[in-house]
Amino acid sequence: MPTKPDPDAAKAAPAGTSTLDLALQAVEYLVQQSRPAALAQIAGALGASKATIYRHLVTLQRHGFVRQDAETGRYEAGIKLMVLGESLRQRFDIVSAAREELMTLRDRTGQAVTVCAAIDAELIVLELIQGRTLIEFATRPGTRLAFHASAHGKIWLAFGSQERTAAIANGELKAWTPATIVTRDALLADLDAVRERGWATAPDEVITGVNTLAAPVFDHRQILVGSIAIVGATQFIPPVPDPEQIREVVGSAARISRGLTWKD
């Protein structure tokens, strides 16, 4: 749950921005909730009066960013956010170029398939297609992944910006599980191996019993623009993946890379 805004910080904000800040915080709060929220709940979470929050919600509702349940009076994120999010997601060449390959990769491996991109300073899941096993992953488009503790992240550290790699390696490496890499030397050694073989794994590093096998996607300039992966239980994707799984993931990434072109 978001923390309450700092009153002193609000006073120091540039004139004319605090109202917009609060409205955007309200939208973000509702998006993060698993169920509709009452007015008092939203106001309490954001540290504002119910009257102030109500005014923002009315405006947001008028523009389709928020909807109110007619029976309960509770609020939730509006469908317009999903429409806009989908439109924005389609602007990433990697998503449109990869969709058919992702479906094929899912069908050939039976595992869930994901595609990620580094946006600003974060690693974001752009697409997930559930596998054909009994396991369904809660990861959704928009999920943020840790660079040092995910196969996707290791791809971006191995083949992406050297400045980002140095910053991550020299910073705090959070331990998600006992298997997470938490030292600079161990991470850099792992990245060297990723560069040499062209693919990455992260067995048990974020969730015990889960592994991911990822490969890089490059554009025609040979610049990293995305990463794709299969995700599954370690019984299906072992710490050292089956050679056929590696061929499928690396081959799919290569075909997506060849299909990427500039779009005006």
Inset, instruction - With the side chain counted from C-beta on, respond yes when Val113 and Glu127 share a heavy-atom pair under 4.5 Å apart, and no when they do not. - result: no
Inset, instruction - Report yes if the side chains of Ile181 and Glu205 come closer than 4.5 Å at any heavy-atom pair, otherwise no. - result: yes
Inset, instruction - Quick one: pull up NE2 in His148 and CG in Leu188 and give me the separation to the nearest 0.5 Å. - result: 12.5 Å
Inset, instruction - Could you grab the distance from atom CG of Leu30 to atom CD of Gln41, nearest 0.5 Å is fine? - result: 9.0 Å
Inset, instruction - Evaluate whether atom CZ of Arg106 has more than 12 neighbouring non-hydrogen atoms of other residues, nucleotides or ligands under 6.0 angstrom away. - result: yes
Legend entry - Ala23 to Leu60 - nearest heavy-atom pair and separation: O-CD1, 3.8 Å
Legend entry - Short side-chain to backbone donor-acceptor contact, His152 and Ala214, under 3.5 Å: no
Legend entry - Any donor-acceptor pair under 3.5 Å from Ser161 side chain to Glu163 backbone: yes
Inset, instruction - Report yes if the side chains of Ile119 and Leu126 come closer than 4.5 Å at any heavy-atom pair, otherwise no. - result: yes
Inset, instruction - Could you tell me whether a side-chain N or O of Lys80 sits under 3.5 Å from a main-chain N or O of His63, the two making a donor and an acceptor? - result: yes
Inset, instruction - Could you grab the distance from atom CD1 of Ile168 to atom CH2 of Trp156, nearest 0.5 Å is fine? - result: 13.0 Å
Inset, instruction - Give, for atom CG of Leu128 and atom CG of Leu102, the distance between the pair rounded to the nearest 0.5 Å. - result: 9.5 Å
Inset, instruction - Check whether any side-chain heavy atom of Arg144 sits under 4.5 Å from a side-chain heavy atom of Leu123, and report yes or no. - result: no
Inset, instruction - Kindly compute the distance separating CD1 (Ile256) from CG (Leu105), expressed to the nearest 0.5 Å. - result: 8.0 Å
Inset, instruction - Examine Phe147 and Trp176 and state if one hydrophobic cluster contains both, with Ile, Leu, Val, Met, Phe, Trp and Tyr joined whenever side-chain heavy atoms are less than 4.5 Å apart. - result: no
Inset, instruction - Give a yes or no on whether the backbone of Phe236 and the side-chain of Gln245 come within a donor-acceptor separation of less than 3.5 Å. - result: yes
Legend entry - Atom CZ of Phe218 with >12 non-hydrogen neighbours under 6.0 angstrom: yes
Inset, instruction - Would you indicate whether Arg195, at its atom CZ, is surrounded by more than 12 heavy atoms from other residues, nucleotides or ligands within a distance under 6.0 Å? - result: yes
Legend entry - Approximate separation, where rounding is to 0.5 Å, of Arg132 CZ and Asp107 CG: 4.5 Å
Inset, instruction - Say whether, by atom type as modelled, one donor and one acceptor occur between the side chain of Gln68 and the main chain of Gly73 under 3.5 angstrom. - result: yes
Inset, instruction - Looking only at non-hydrogen atoms, find the nearest pair between Ala215 and Ile155 and report the distance. - result: CA-CD1, 3.9 Å
Legend entry - Flag side-chain contact, heavy atom, 4.5 Å: Thr208 against Thr234: no
Legend entry - 4.5 Å side-chain heavy-atom contact, Thr180 and Leu173: no
Legend entry - Member of Leu157, Leu187, Asn170 meeting the side-chain contact (heavy atoms from CB on, under 4.5 Å) criterion with Thr165: Leu157
Legend entry - Flag, side chain of Thr177 to backbone of Ala179, donor-acceptor distance under 3.5 Å: yes
Legend entry - Nearest non-hydrogen partners of Gly232 and Ile237, listed with the distance: N-CD1, 3.4 Å
Legend entry - Lys154 side chain near Ser227 side chain, heavy-atom distance below 4.5 Å: no
Inset, instruction - Please check if the side chain of Asp69 supplies one atom and the backbone of Arg74 the other of a donor-acceptor pair under 3.5 Å. - result: no
Legend entry - Heavy atoms of other groups near Gln61 CD, more than 12 under 6.0 Å: yes
Inset, instruction - Quick one: closest heavy-atom pair of Gly198 and Val250, and the distance? - result: O-CG2, 4.4 Å
Inset, instruction - Test Val194 against Phe159 for side chain to side chain contact (heavy atoms under 4.5 Å, CB included), laying out the working first. - result: CA-CA 9 Å; Val194 171; Phe159 298 102; 3.8 Å; yes
Legend entry - Closest non-hydrogen atom pair, Ala149 against Ala202: O-CB, 3.9 Å
Inset, instruction - Step through the shown structure and confirm whether more than 12 heavy atoms of other residues, nucleotides or ligands are within 6.0 Å of CD on Glu244. - result: yes
Legend entry - Atom of Tyr75, atom of Val66 and distance for their closest heavy-atom approach: CD2-CG1, 3.8 Å
Legend entry - 4.5 Å side-chain heavy-atom contact, Ile129 and Met103: yes
